[in-house]
Amino acid sequence: MHNTMASLSTPPPTAAGTTPKTYSSSFTTTSSSVSSWPLFSKTSKTCVLKSLKHKVTCNAGSSENILHNLDRRNVLLGLGGLAGAVNLTSVPSVVAAPLAAPDISKCGTNTLSGFKPGESTPTVGDCCPPDSSQIMDFKFPTNQAFKVRPAAHLLSPKYISKFNEAIKRMKELPESDPRNFLQQAHIHCAYCNGAYTQSSSGFPDIEIQIHNSWLFFPFHRWYLYFYERILGSLIDDPTFALPFWNWDTPAGTKFFNDPKSALFDTKRNQAHLKGVVDLGYNGKDTDATDIEKVKNNLAIMYRQMVTNVTDPTAFFGGEYRAGKEPISGGGSMEQSPHTPVHRWVGDPRETNGENLGNFYSAGRDTLFYCHHSNVDRMWSLWKMLGGKHKDITDPDWLNTSFVFYDENKNLVRVYVKDCLLTNQLGYDYQRVDVPWLNSKPVPRAPRSGITKKLVGKVKKTEDVTFPVKLDKTVKVLVPRPKKSRSKKEKEEKEELLIIQGITYDSEKYVKFDVYVNDEDDDASAQDQTEFAGSFAQLPHKHKGKTSSKTNFRAGLTELLEELEADDDDNVLVTVVPRSGSEDITIDAIKIIYA
Ligand code: C2O
């Protein structure tokens, strides 16, 4: 039996259910409405979210503790189904092509990557870990202390100093120690700059890339899992849990700003960290006021966590199997706000946006781990939405493996299928309000039939010569294969806008925004319904070449209803380049149902 009760009785001082009323965020202005979604708040009710339209059925209940919350969540998740899905013994091997963990002894020897051991260029550096010939298979630890990852903005001074001490000790370890701070940072660099090939899957000429596909969430979950255990063991505290930086809350980065702290990083945009985050960061500052930023942030979260992620592919990203490159597209959350936040923290004085603004250096900033703790929390929150919000069941995803060094310096092989339940991994997140869940954007101008008027004035996709360049705004009428669908049809399938074959420069920060039925020349704000989502990419090295190809998708069902355009034949799509888009080309823009 896990030591759950004991450790839960001594959680971090600000653990779930004790959210102080005074946290200094302008987001709190809307937080009262959030208690209508009790899964995430301290109210003591049993609630089930029926659909994304926020129909919540609740029964009053008795007061809850964290443990109670966890149990309830398992019920909502339908653990039985998940547990069944991860039992893969009956999968015929002929269809399975999961990506196998890299052979770290071959790290950096891939001639295609333009990346060699010992090589030190401003963009790569040497990211290979110490070699180990012994690999152990991961086993769930027995008797592990249960951890509650606390919200960074609610940390007590005592917890902050604990975190600080752990990082300090990590930095003091010899550089040859795989638990050393820089070695840990290198893990991220190696897995996303072509240091590893797929040689253990039989494809030595194809690199491993853990971004831009369904590997994004599980890779980073495992990465943090071991990072957290190393920190805990260095301070001899098995309950130590990585704080999450709830982006909505400026106070969440406060303790990172003390230059005397081990948590401080000189390569950051220090001015940014004193203000409200811009979740739609375009690589330059806007003149939006803090209030406007907050409104935009809430709307971006709603877009990316509600309307754009109605099925597993949308949330996790597209498939990526052995022998392939990750070209099917990253999930909605990965693109934005995950990527813009990286760039927003990175130092603009550095050539490559170091540290957080570039994949090779991102792990060198302690804030990376709190940023990703929140990204990982989004996975948990998303699954709580129920319905189609479930983990992928494809055996190739479940059987993908990675290797990491653990707190005892052992190299451990882990599988995606073992990281789907945070409870099983021994942690959960402190419950705080989730204001964006009720922050549905409002239409700038709902005008039914607006696209009818534009026929003849704006080109239809069939009249456009693809690939089209994104050196300026692209406006196009996209035909809808179906219109006026029934409620049932809509529940079964989401109407999706697909931007296919996006070729971009992978060594630049790249971003474009997508709008629908936005007639005016200046694009709508992000808190308006017309804003459909963002495509964003962080710079990284890629197999000796600088261009990458991928796809983008956005959910349209709710948007078109809100814009009173559900009976229209076409959707007006506007793609607005924001950063590094000069050389972007797009192969196709279309609408599908999935
Ligand atoms: Cu691996 Cu936030 O990136």
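Numbering of ligands and ligand atoms starts at 1, following listing order.
The set of protein atoms (N, O or S) found at less than 2.8 Å from atom 2 (Cu) of ligand 1 reads His338 NE2, His342 NE2, His372 NE2, by chain and number.
Under the 3.5 Å distance criterion, with hydrogens and angles disregarded, no donor-acceptor pair is assigned to the side chains of Arg268 and Asn257. Using modelled atom types, one finds no donor on one side chain facing an acceptor on the other under 3.5 Å when comparing Asn297 with Trp436.
Figure legend: Lys147 and Tyr427 shown without cation-pi pairing, the cationic atom not lying both under 6.0 angstrom from the six-membered ring centre and within 45 degrees of its axis.
Applying the salt bridge (Lys or Arg N to Asp or Glu O under 4.0 Å) test to residues at least two apart or on different chains, none of the pairs has a partner in residues 186-200.
For Phe359 and His188, the ring centers are positioned less than 6.0 Å apart.
Tyr320 places a side-chain N or O within donor-acceptor distance of the main-chain N or O of Gln209, the cut-off being under 3.5 Å.
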